[in-house]
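Counting starts at 1 for both ligands and their atoms, in listed order.
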Amino acid sequence: RAKALGRDRSELFDEEMRAEATRLLDLEADLRRAILSDAFEPWFQPIVDLADGRVVGHEALLRWNHEVQGPLPPGAFIGVGEDSGLIEQVDWLVYRRAFQWMTRHREGYVSINVSPRHFHSDNFAERLLRMLEDVGADPARLRIEITEVALLDDAPRALRMLKTLRARGVYALLDDFGTGFSALSYLHRFPIHALKIDQSFVAGLDDEMHPESLALVRAILALAGTLGIDTIGEGVETAAQAETLRQLGCTMGQGFLFGRPMPAPAAGDRGAA
Ligand code: C2E
Ligand code: MG
Ligand code: MG
Ligand code: MG
């Protein structure tokens with residue numbers, strides 16, 4: 001009986017594996033088709049000055065307008081996109097749209113997300129600058145969001161890249177700060193404009209189950225202050241979180257409290273978006 005059960009289990013396991021493999025292959029094929037039909041767009045979420053609530057910029061967040069499942073967030077497909085290398089093509093489609101939006105929406109900066117692998121791909125900085133020029137968007141209004149992994153992967157190369165971009169006015173933000181290696185000794189060597197404090201720490205600020213969050217956020221802000229780097233609290237959902245961040249000296253905030261990611265109105269509509 002034990003043997004029978006064992007066999008049943010492994011058959012079930014095989015079946016699940018097969019189903020998952022099929023799902024991933026379908027998703028990859030779907031993604032390829034979506035690239036051909038340019039089915040991706042950036043949604044925009046405001047980043048505010050915590051002192052007065054003024055909107056200082058927006059983060060462009062990728063959405064896939066899937067024909068059946070509607071707008072899909074990156075979590076639904078980024079794994080397949082990265083494994084297949086397709087995410088880089090998706091990124092360029094989304095960046096172009098974000099740059100086009102910059103030319104219509106004239107206030108503040110726009111930040112785009114760049115995965116470590118994409119950041120280290122050939123001619124990334126040159127391509128980015130060329131696309132900005134093509135579209136007629138001002139590089140000085142663009143920020144790129146990278147993670148610590150992108151810096152540590154190949155530090156000399158990352159440094160060159162960031163310097164090339166900064167020389168043209170494109171500043172770098174360090175995304176999800178605190179969740180990676182946080183190799184502090186590295187940080188001061190890179191031209192980083194701001195740290196984005198990961199939302200897991202911000203969520204813990206008014207959650208008594210996570211008393212360590214306050215200490216961690218305080219430490220990150222002290223570090224940023226020492227290095228003269230700006231700070232953005234991510235995933236701010238409550239007024240209490242915003243107030244704590246502000247009191248601790250965090251300068252900017254982003255989260256559902258201030259505004260959710262929203263699609264831009266259609267091109268041609270020169271409205272408020
Ligand atoms: P991220 O860059 O850390 O972006 C922040 C994520 O937090 C976004 O999820 C955003 O919608 C969500 N968020 C914002 N405010 C709140 C809040 O108050 N509460 C909560 N619970 N969540 C909040 P999203 O849009 O699903 O994006 C997930 C991740 O996908 C991003 O994390 C980023 O790493 C990646 N991503 C987004 N756009 C792109 C892109 O164009 N290219 C690439 N390669 N990756 C992207
Ligand atoms: Mg980001
Ligand atoms: Mg983040
Ligand atoms: Mg994240």
Side-chain angles (χ1 to χ4, degrees), residues 31 34-35 38-48 50 55 57-66 69-102 109-121 124 128 131 142-150 171-180 182 192-207 220 231-242 245 250 252-264:
L31 204 54
I35 289 168
D38 195 4
F40 303 91
E41 67 174 330
W43 284 19
F44 297 91
Q45 185 179 32
I47 297 170
V48 307
L50 285 172
V55 175
H58 289 85
E59 178 173 7
L61 293 158
L62 163 63
R63 292 295 181 270
W64 176 1
N65 291 318
H66 193 278
Q69 300 170 67
L72 291 179
F77 58 92
I78 207 132
V80 167
E82 281 176 351
D83 292 346
S84 60
L86 292 171
I87 194 64
E88 294 173 25
Q89 293 176 56
V90 175
D91 277 350
W92 288 117
L93 294 173
V94 170
Y95 298 167
R96 181 177 290 277
R97 292 203 180 202
F99 299 168
Q100 287 165 343
W101 185 80
M102 283 167 72
Y109 63 81
V110 168
S111 66
I112 56 169
N113 290 279
V114 187
S115 67
R117 177 167 150 184
H118 193 187
F119 181 70
H120 284 287
S121 65
F124 172 77
L128 193 74
M131 187 180 272
L142 183 69
R143 309 267 193 269
I144 58 166
E145 300 198 2
I146 54 174
T147 52
E148 290 155 272
V149 177
Y171 287 3
L173 312 181
L174 214 43
D175 208 351
D176 304 340
F177 191 76
T179 61
S182 303
I192 295 296
H193 184 71
L195 298 180
K196 299 191 77 171
I197 302 171
D198 190 68
Q199 52 191 42
S200 57
F201 306 124
V202 173
L205 286 180
D206 57 2
D207 180 350
I220 292 171
T231 44
I232 305 171
E234 292 194 273
V236 180
E237 293 185 353
T238 69
Q241 290 163 0
L245 284 169
C250 182
M252 290 171 281
Q254 178 182 356
F256 297 166
L257 177 69
F258 309 113
R260 289 183 177 258
M262 298 283 279

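With contacts defined as side-chain heavy-atom distances shorter than 4.5 Å, the pair F99/L142 qualifies. Here the side chains of L61 and N113 are in contact, with some heavy-atom distance below 4.5 Å. Side-chain contact check for L128 versus I144: some heavy-atom pair is nearer than 4.5 Å. Annotation: side chain of F258 is not in contact with side chain of V55 (no heavy-atom distance under 4.5 Å). Contact annotation: the side chain of T231 never approaches that of F177 to less than 4.5 Å [non-hydrogen atoms, C-beta and beyond].
Around the Mg ion (ligand 3), the angle linking E234 (OE1) with D176 (OD1) is 90°, rounded to 10 degrees.
By heavy-atom distance, the residue among P74, A203, G75, G81 lying nearest atom 30 (O) of ligand 1 is P74. Evaluated by nearest non-hydrogen atom to atom 34 (O) of ligand 1, the leading choice among L61, V114, N113 is N113. One option in E145, R260, Q199 has a heavy atom closer to atom 6 (C) of ligand 1 than any other, and that option is Q199. The heavy atom nearest to atom 45 (N) of ligand 1, considering only T238, L62, I78, is found in I78.
Short contacts between ligand 1 and E59, defined as distances under 4.0 Å to a heavy atom of the residue, involve ligand atoms 2 (O), 4 (O). For ligand 1, the atoms closer than 4.0 angstrom to any heavy atom of E234 are 3 (O), 5 (C). Ligand-side atoms of ligand 1 in range of P261: 11 (O), range being under 4.0 angstrom from any heavy atom. The P73 neighbourhood of ligand 1 comprises atoms 26 (O), with distances under 4.0 Å to a heavy atom of that residue. Interface of Q45 with ligand 1, defined as ligand atoms under 4.0 Å from a residue heavy atom, comprises 14 (C), 15 (N). Within ligand 1, counting atoms from 1 as listed, the ones closer than 4.0 Å to a heavy atom of E237 are 17 (C), 18 (O), 19 (N), 20 (C), 21 (N).
Here the rule is side chain to side chain donor-acceptor pair (under 3.5 Å) with S111, and of Q254, R143, E59, E145 only E145 fits it. Checked options L174, I232, V202; the residue passing with K196 is I232 (criterion: side chain to side chain contact (heavy atoms under 4.5 Å, CB included)).
Considering backbone and side-chain N/O of L257, none are found under 3.5 Å from N/O of ligand 1. Among the atoms of F256, some N or O lies under 3.5 angstrom from an N or O of ligand 1. Checked by distance only, ligand 1 and Q254 stay at 3.5 Å or farther apart across all their nitrogen or oxygen atoms. For ligand 1, one of its N or O atoms has an N or O atom of R63 under 3.5 Å away.
The N, O or S atom of E59 with the smallest distance to the Mg ion (ligand 2) is OE2. Within E145, the N, O or S atom at minimum distance from the Mg ion (ligand 2) carries the name OE1. The Mg ion (ligand 3) lies closest to atom OD1 when only the N/O/S atoms of D175 are considered.
Annotation: cation-pi geometry satisfied between R260 and F256 (NZ/CZ under 6.0 angstrom from ring centroid, within 45° of ring axis).
Ring geometry, H58 versus F44: the interplanar angle exceeds 60°, so the pair is classed perpendicular (tilted spans 30 to 60°). In this structure, H118 and W92 have perpendicular ring planes: the angle between them is above 60°, well past the 30° mark.
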Under 3.5 Å, side-chain donor or acceptor atoms of residues 69-89 against the rest of the protein: list the pairs with distances, not counting sequence neighbours.
{"residue": "S84", "atom": "OG", "partner": "V80", "partner atom": "O", "Å": "2.7"}
{"residue": "S84", "atom": "OG", "partner": "G81", "partner atom": "O", "Å": "3.3"}
{"residue": "S84", "atom": "OG", "partner": "L86", "partner atom": "N", "Å": "3.3"}

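Among the backbone and side-chain atoms of S111, no N/O/S atom is found under 2.8 Å from the Mg ion (ligand 2).
When the shell of 6.0 Å around CE of M131 is examined, it contains more than 12 heavy atoms from other residues, nucleotides or ligands.
By the criterion of a heavy-atom distance under 4.0 Å, neither the backbone nor the side chain of D198 is placed next to ligand 1.
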